[in-house]
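One-based numbering, in listed order, for ligands and for the atoms of each.
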Amino acid sequence: MFSTLKEQPADKILALMQAYKADPRDNKIDLGVGVYKDAQGLTPVMRAIKSAEKQLWEQETSKSYVALAGDPAFGDVMVSLVLGSAVARDTVAAVATPGGTGAVRQAFELIQMANSGARVFVSDPTWPNHLSILKYLNIEVVNYRYFDADTRGVDFDGMMADLSDAKAGDVVLLHGCCHNPTGANLNMTQWQAVVDVLLKTGATPMIDIAYQGFGDGLDQDAAATRLIASSVPETIIAASCSKNFGIYRERTGMLMVVSQDGGARGLNQSTLAFLNRQNFSFPPDHGARLVTMILQDDALCAEWQAELEEVRLGMLGLRTQLASELQRLSGSDRFGFIAEHRGMFSRLGASAEQVEQMREKHGIYMVGDSRLNIAGLNAQTVPILAAAIVETGV
Ligand code: LMR
């Protein structure tokens, strides 16, 4: 029967990881997959995670199942981390999922269950796996303009015009912060305008927030999500702990549905738990438990926040260094956007040929659309990248 299978398209980001690994050059630079790396090129286990793991090893007495929705305490801490006090806890249905991608996948299935004809509006560009999963589930996709190739900022007028075509029953997928792949983000005045268009059209927002704490700070990065969730009748949120807790392989995420209609929560919650049961039954617990322990303990939480802040400021420092090195080498301000972008990524605006050229000639690996992972750099490699960018004529 398997002879009927067709080769599936390779995920571009994961294929790039393989190509980088296979490159024998010592001076190669990996700016591909969205994984944080320190100045030594390592992805460390965060200090608070190590401490929590030690405690957990000593205290955990059973590995039996927890609950279909995951530990309710994990739900509470995540709702509070992402939503703060923007909405009442009893308006939020929440289930643990295997990573942020698990939450995204399940959110799309939820949308399909609720409205089989729903269209999902996605930013152009968006994270490629959004598109891949939507296609896999046969959900209609509508692109909305997002990235302005000239300014490397947001084409806000284009975005607003395209979002006004959405209707009740459609979903608008938004990146809560640190837009992936562009690094270009809205300001709060623009987010308010997004709220207004959502209210006007009746479309439902779905927010993917995978980089909270990597942009302007934990609360600042959640501000748009909080504004939307407290302003519109229903909001879907897919949150990831992979990056801000550095627990990528533990697969720790949360799907939330906020419904201002207080009576809706019970049905939302049981539907989310049902989806967990159909897809994988009980969600992974280890990462979720560590996150819960950290967020419930003042000392651990302070330690985690301090390290997250080091990570965030380190990336901002690299952005500033890269922008000024490019300014020096090119004699122009056209790369100033790198210092303005936030999060792990910036879309450089290089052509596919130029990206290829930088890979062949300089061993610099970035995604084909010229997304670069700022965290893949360090103070020594920034000048090498800047020189390669200018030499390539970007
Ligand atoms: C990325 O965009 O590089 C990350 O979100 C990792 C992934 O799974 O693609």
Chemist: Does the plane of the ring in Tyr211 sit parallel, tilted or perpendicular to the ring in Phe345? Use 30° and 60° as the thresholds.
Modeler: perpendicular
Chemist: Which atoms from ligand 1 have a heavy atom of Trp127 less than 4.0 Å away?
Modeler: 1 (C), 2 (O), 5 (O), 7 (C), 8 (O), 9 (O)
Chemist: For ligand 1, which part of Tyr211 has a heavy atom less than 4.0 Å away: the side chain, the backbone, both, or neither?
Modeler: side chain
Chemist: What atoms of ligand 1 come within less than 4.0 Å of a heavy atom belonging to Lys243?
Modeler: 4 (C), 5 (O), 6 (C)
Chemist: Would you kindly say whether Thr126 and His175 are connected by a side-chain donor-acceptor distance under 3.5 Å?
Modeler: yes
Chemist: Using the ring of each side chain (for Trp, its six-membered ring), is Tyr365 parallel, tilted or perpendicular to Tyr20, with breaks at 30° and 60°?
Modeler: perpendicular
Chemist: Please determine if Asp369 and Arg371 form a salt bridge, counting it only when a charged side-chain N lies under 4.0 Å from a carboxylate O.
Modeler: no
Chemist: Going by the atom numbers of ligand 1, which of them fall below 4.0 Å from some non-hydrogen atom of Val33?
Modeler: 3 (O), 6 (C)
Chemist: Which is it for Asn129 and ligand 1 at heavy atoms under 4.0 Å: side chain, backbone, both or neither?
Modeler: neither
Chemist: Under 4.0 Å, heavy-atom basis, I'd like to know which part of Met17 is in contact with ligand 1: side chain, backbone, both or neither.
Modeler: neither
Chemist: Does any N or O atom in Gly34 lie less than 3.5 angstrom from one in ligand 1, N or O only?
Modeler: yes
Chemist: Do Arg347 side-chain atoms and Ser370 backbone N/O form a donor-acceptor pair below 3.5 Å?
Modeler: no
Chemist: Identify, by atom number and element, the atoms of ligand 1 in contact range of Arg371, meaning under 4.0 Å from any of its heavy atoms.
Modeler: 1 (C), 2 (O), 3 (O)
Chemist: Give a yes or no on whether a salt bridge exists between Asp216 and Arg342, defined as a side-chain N under 4.0 angstrom from a carboxylate O.
Modeler: yes
